[in-house]
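Because only heavy atoms are used, hydrogens play no part in the values below, and waters and symmetry mates are left out as well, while side chains stay in. As the structure is a prediction and not an experimental result, all values here were calculated from the model. Here is the naming used below: chain letters follow the sequence lines, and residue numbers restart at 1 for every chain.
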Amino acid sequence: MALLEATNVTKRFGGLTAVNDFTFTVEKGAIDSIIGPNGAGKTTFFNCITGFYQFEEGDIVFNGNSVSGRSTDQITRMGISRTYQNIRLFSQMTTIENILVGMEPQLHTSWIGALFRLPSTVKEESDALDEARRLLEFVGLKGKGDEISRNLSYGDQRRLEIARAMAAKPKLLLLDEPTAGMNPRETAETTEFIRRLRDELGITILLIEHDMRVVMGISEHITVLDYGAKIAEGGPSAIQNNPKVIEAYLGRGAAASATIELEN
Amino acid sequence: MSSQLDLRNTARVGLLAGVITLGVSAVGMLESFDKRDLIIGLLTLGQLLLFSAPFAAGFLVTRGEDKVDTGEAVVGGAVAGALTAVPLIALILLTLAAPNIRNSLVNVSPELISLLSLGASEIVGSLLLLVGMAVLGVAGAMFHVLPDAIRKPLISGLGWMLGFAILSEVSLNILRPILGRGLMRALFGTKGITPLLAAIIFVVAIGLTIWWSKGGQQRYEDRKAAMSEEQRKQSRRISIGVGIVSLLILPIILGTYLTEVVDNVGLFILMGLGLNIVVGFAGLLDLGYVAFFAIGAYVMGILTSQGDLGIAGMSFWLALPIAVGAAVLAGVTLGIPVLRMRGDYLAIVTLGFGEIIRVLATSDLLKPYIGGAQGILQIGKPTIFGFEMVKPIHFYYLILAGVGLAVFVASRLRDARLGRQWMALREDEDVAEAMGIHLVSTKLLAFGIGAAFSGLAGAIFSARLSSIFPHSFNLLISINVLSLIIVGGIGSLPGVVVGALVLVGLPELLREFAEYRMLLYGALLIAMMIARPEGLWPSPITKREFHAAEEEEALGGVQ
Amino acid sequence: MSQRFKDIDYIGVVLWLFRTAIVVVVLWGTISKLFLEQGNAYTTIDWIDFLIAGLSQGSLYALIALGYTLVYGVLFMINFAHGEFFMSGTMTATIFVALPLSSSGFLDANPILGMLIIIIVAMLVSVGVALLTERVAYRPLRRAPRLVPLITAIGASFFWQYFFRGLYGSTLIPFPELQVLVGKWTVFGIEILKTRAVVMVASVIMLIGLYIFIMRTKTGTAIRAVAEDKDIAALMGIDVDRTISITFATGAAMAGAAGILYGMVFRQVHFFMGFVPGIKAFTAAVLGGIGSIPGAALGGLFLGLIEAVGPPLFLEGLGIPGAHQLKDVIAFTMLVLVLIFRPQGIVGERLAEKKA
């Protein structure tokens with residue numbers, strides 16, 4: 001059974017149809033990508049999955065349950081985590097505090113327990129702190145846990161955002177342009193890191209990405225969106241040779257860069 | 001890069017200082033401050049205010065340059081100082097030209113003019129003022145030229161002397177029972193200190209500063225460095241102990257009058273700690289906070305009053321949880337409709353709630369129950385084992401207990417899961433929700449707990465005064481509390497205490513301030529937001545990755 | 001608790017109950033006042049008086065509300081100090097112009113010229129205070145988080161209130177009475193107090209003038225461009241800082257003029273006069289849809305009407321003693337209701353779309 005199944009999803013903003021009759025599945029344990037020109041509706045689709053937007057038509061089923069009509073916190077508790085295109089960390093909080101907030105779905109103690117330092121609360125908090133330290137190390141931010149996240153370097157902020165998303169122990173991780181703004185070395189590191197997430201932790205990953213090297217390098221299945229509608233899907237090589245895809249990119253005047261990137 | 005003095009900048013700084021001083025004079029602050037002696041016969045607070053303007057102007061125009069040339073400093077300081085005098089001279093001449101100006105500008109009195117013209121006639125006085133301010137401007141500018149070895153002791157000598165003089169009432173009240181009457185008369189006047197005491201403080205402060213820089217500091221640091229881990233812990237424990245003991249004996253040292261002031265500050269600290277949870281931790285700007293204070297006070301009043309409006313004649317202790325509970329209930333109830341509101345809209349709606357409650361309190365509608373403008377009288381005093389608490393010192397301990405509880409609750413929650421949820425909410429509400437945080441309960445807990453402290457403060461306030469009137473619960477209280485947490489450092493617990501001491505304690509000691517309190521708060525809010533948004537005592541970053549064990553221990557004590 | 005109970009939108013239910021309760025209370029009060037009450041009822045003339053008083057008060061709110069709407073349009077900031085712009089101009093012009101002109105007899109000899117001078121002085125002072133506030137307290141914080149300028153605005157509001165209190169004292173200052181405006185006019189058989197009529201006519205003229213200024217002039221276009229997108233406007237060669245200053249000045253000028261009209265109606269001015277009208281005008285701006293000029297006008301009139309008619313209609317109908325004291329409660333309740341249930345206002349569109 002597919003982990004995520006979207007059927008005929010449509011999202012409109014006034015007269016503009018941002019996602020149009022979109023049907024889409026992600027298998028458990030996969031690394032899949034959604035690509036498409038700017039404004040194709042990729043992030044809008046992410047927002048529909050995570051409950052930021054309510055879509056008008058169709059349905060999105062995750063792990064057997066519909067996400068439709070649920071709030072973002074409920075959807076996160078179902079096991080979907082995400083990162084944001086323009087990094088949205090809790091910028092005045094420290095690195096480790098960001099990760100601790102990400103762990104919310106696993107925490108259960110109440111404020112009364114915190115007030116009286118009940119043993120269960122103390123234990124949960126110290127376990128959470130240990131887990132957060134482990135995650136810090138896993139994403140390569142060891143030693144930076146007490147820094148205010150705003151002061152981290154760009155690459156570290158991206159990594160922290162992924163760590164925060166992973167802290168929720170998601171079944172499905174949505175990454176919105178995880179390598180945007182990175183230099184080639186950082187991009188290669190992040191690509192490797194995403195693969196490790198799946199291989200070592202078994203998290204299913206769906207990413208939006210513009211860097212074709214990343215997309216072609218790690219995706220098993222690629223879906224191409226244009227004007228909110230699916231124009232192609234398949235493995236990396238099939239997508240690279242698909243005339244519709246090339247046209248979608250070329251037609252936008254992104255000719256040179258797109259072809260070069262697609263041929264990579 | 002300009003080693004040449006920038007003339008335009010000099011003129012601007014000088015005139016700006018002058019215009020500000022003109023404003024301070026025209027609203028009557030200068031004159032009323034002049035009634036407060038600092039050093040008897042030598043300096044009043046008003047004079048200090050007047051003379052510090054050209055000094056500051058001179059200081060500012062020469063600041064920021066690496067090497068200040070003496071000649072340039074003299075010229076720049078003189079120009080800036082003299083320009084500071086210009087708007088004031090204009091005011092003096094205006095009163096000559098239009099003697100009736102006082103009918104419109106009520107505070108432009110003959111006393112003010114005589115103060116500005118340094119006691120001389122208008123024309124002569126204007127010239128004196130010009131020259132005097134130019135000289136002070138030079139003095140301000142010369143501060144950069146002086147070598148460190150002279151400047152530092154001088155600053156500390158002047159600072160201690162003026163600080164002591166401004167707060168003379170504190171030392172006066174503390175020392176009166178200890179020192180003999182003759183000695184007191186030699187050192188203190190009714191307001192301010194004598195030149196003798198001023199000189200003593202000046203000399204001692206200079207001496208100590210020189211000693212400190214000539215080796216005292218070195219020795220202190222050496223000894224501190226030589227301490228073992230065990231010793232350091234012990235010295236820390238001792239200082240915490242000393243802190244607690246001095247808090248406990250404070251009212252005995254301070255005497256009745258000052259204890260009353262401290263009680264007042266304490267109630268504001270209590271409210272500040274509550275609002276700090278709502279605004280500082282959770283980022284929900286609440287301008288109707290006074291409503292919960294009023295509810296706590298009124299519930300306490302109705303339940304314990306022996307007068308006509310009292311319905312139960314309960315004891316204070318029985319009524320206290322009910323009053324706090326009512327405030328919490330109100331906090332949550334008013335919180336529900338604003339759950340989906342953000343930022344500035346939330347601020348305005350809570351302001352609306354506060355005003356609704358105030359208007360209702362004064363209206364005929366509720367008059368049969370809460371007395372309208374006549375308020376509630378004969379509110380019961382708390383008793384402990386048959387002992388009735390009536391004096392400020394008794395309430396001091398009650399308020400201290402309340403503040404202690406509030407600090408305990410606030411610091412525990414801040415460092416726990418709920419505190420993180422609040423912080424995340426403050427930083428980015430959408431993402432916080434997407435992390436799995438339940439916005440409704442998180443926000444309502446902030447409103448409820450914040451309201452609880454305010455209700456507690458209200459209940460104590462009501463018992464302390466024995467009677468309450470609706471005009472005590474106006475918007476200014478909310479603004480007061482908001483100002484003190486912003487000045488202290490938003491989200492910071494020690495900041496609340498510092499803010500309350502500065503914004504509530506200081507005006508009580510300098511009653512000359514009282515009338516200009518809101519004016520200064522307004523200016524302070526603007527200045528803090530622009531120059532130091534983190535406040536006087538910002539909250540420290542909690543270290544979690546390292547030093548976690550140490551922190552646990554520190555929290556066990558007083559924080 | 002099971003997931004099913006957690007998924008119920010409790011808040012929605014509570015809000016629905018709240019809304020229903022208010023509607024029921026208002027309807028019940030209205031019905032019992034109009035149909036059930038015996039004796040002591042108001043005549044048609046009384047109701048018309050209430051309506052006219054409401055419209056005239058409402059047109060003042062509309063003028064002040066423009067300042068909130070314009071500034072919110074360009075800066076997305078609630079200019080809390082706007083009520084103080086209103087107060088500062090009015091008090092200054094009253095003390096330095098209106099009172100001397102009146103005692104010298106000039107005002108009664110040349111009422112139109114005299115009032116024009118007073119209004120212009122009030123506008124100039126209000127504009128001066130507004131520009132100073134914008135420059136010192138708001139401009140340095142353009143890029144700060146949204147709550148920061150709101151806090152400085154609160155600071156500025158109290159600063160100006162107590163500054164002018166220090167300057168002019170805390171007593172009520174009488175606004176001179178114009179002999180020509182004593183009494184009533186009869187229009188279509190309805191008697192209207194002359195001052196109220198003048199307030200309404202003057203407000204309408206100013207509202208129309210402002211609308212033309214914003215829609216037809218080059219400066220107005222610049223204001224609209226900055227409201228749309230500051231960065232793009234800057235790229236198009238518009239001086240954004242200057243345009244924002246002009247926006248503040250425009251709003252303050254309207255407020256200054258409104259202040260003199262207020263003085264004519266209430267015959268007194270004082271340092272605290274800006275606060276309550278300020279909040280009510282903000283309510284009006286939100287009611288009409290903040291950011292929209294016709295909205296501010298509509299919202300102002302609507303608020304004025306409901307404030308004037310509400311107490312005698314549904315509050316008295318509920319048997320509340322001293323209903324007129326609760327006029328402000330009605331206004332503030334309106335504010336709360338609008339912000340909760342229809343933050344986009346009567347004509348406005350929703351500004352705060354949830355964005356991810």
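Between atom CG of residue B:Asp430 and atom CG of residue A:Asn47 there is a gap of 9.5 Å, rounded to the nearest 0.5 Å. Atom CD of A:Glu104 sits about 11.5 Å away from atom NE2 of B:His438, to the nearest 0.5 Å. The structure places CZ of A:Arg77 at 12.0 Å from CE of B:Met435, a figure rounded to the nearest 0.5 Å.
Summarising the geometry of B:Asp428 relative to A:Phe90, their closest heavy-atom pair is O-CE2, 3.8 Å, with the distance given to 0.1 Å. When every heavy atom of A:Leu115 is checked against every heavy atom of B:Arg412, the shortest pair comes out as O-NH1, 2.7 Å. The two atoms that bring B:Glu433 and A:Ser71 nearest to each other are OE2-CB, 3.8 Å, heavy atoms only. Listed here is the closest heavy atom pair of A:Val101 and B:Ala424: CG1-CB, 3.9 Å.
Highest contact tally toward chain A, considering only B:Ser441, B:Ala416, B:Ala434, is held by B:Ala434 [criterion: heavy-atom pairs under 4.5 Å]. Of the listed residues A:Thr121, A:Thr109, A:Ile75, the one with more heavy-atom pairs under 4.5 angstrom with chain B than any other is A:Thr109.
Taking the side chain as every heavy atom from C-beta outward, B:Ile437 and A:Asp73 never approach each other to under 4.5 Å. Looking at heavy atoms from C-beta onward, A:Asn98 lies out of side-chain contact with B:Glu427 at the 4.5 angstrom threshold.
Ion pair A:Glu125/B:Arg420 flagged as a salt bridge, since at least one NZ, NE, NH1 or NH2 atom sits closer than 4.0 Å to an Asp/Glu carboxylate oxygen.
Of the two parts of A:Thr50, neither the backbone nor the side chain holds a non-hydrogen atom closer than 4.5 Å to a non-hydrogen atom of chain B. For a residue to count as touching a neighbouring chain, one of its non-hydrogen atoms must lie under 4.5 Å from one of that chain's; by this rule A:Ile80 does not touch chain B.
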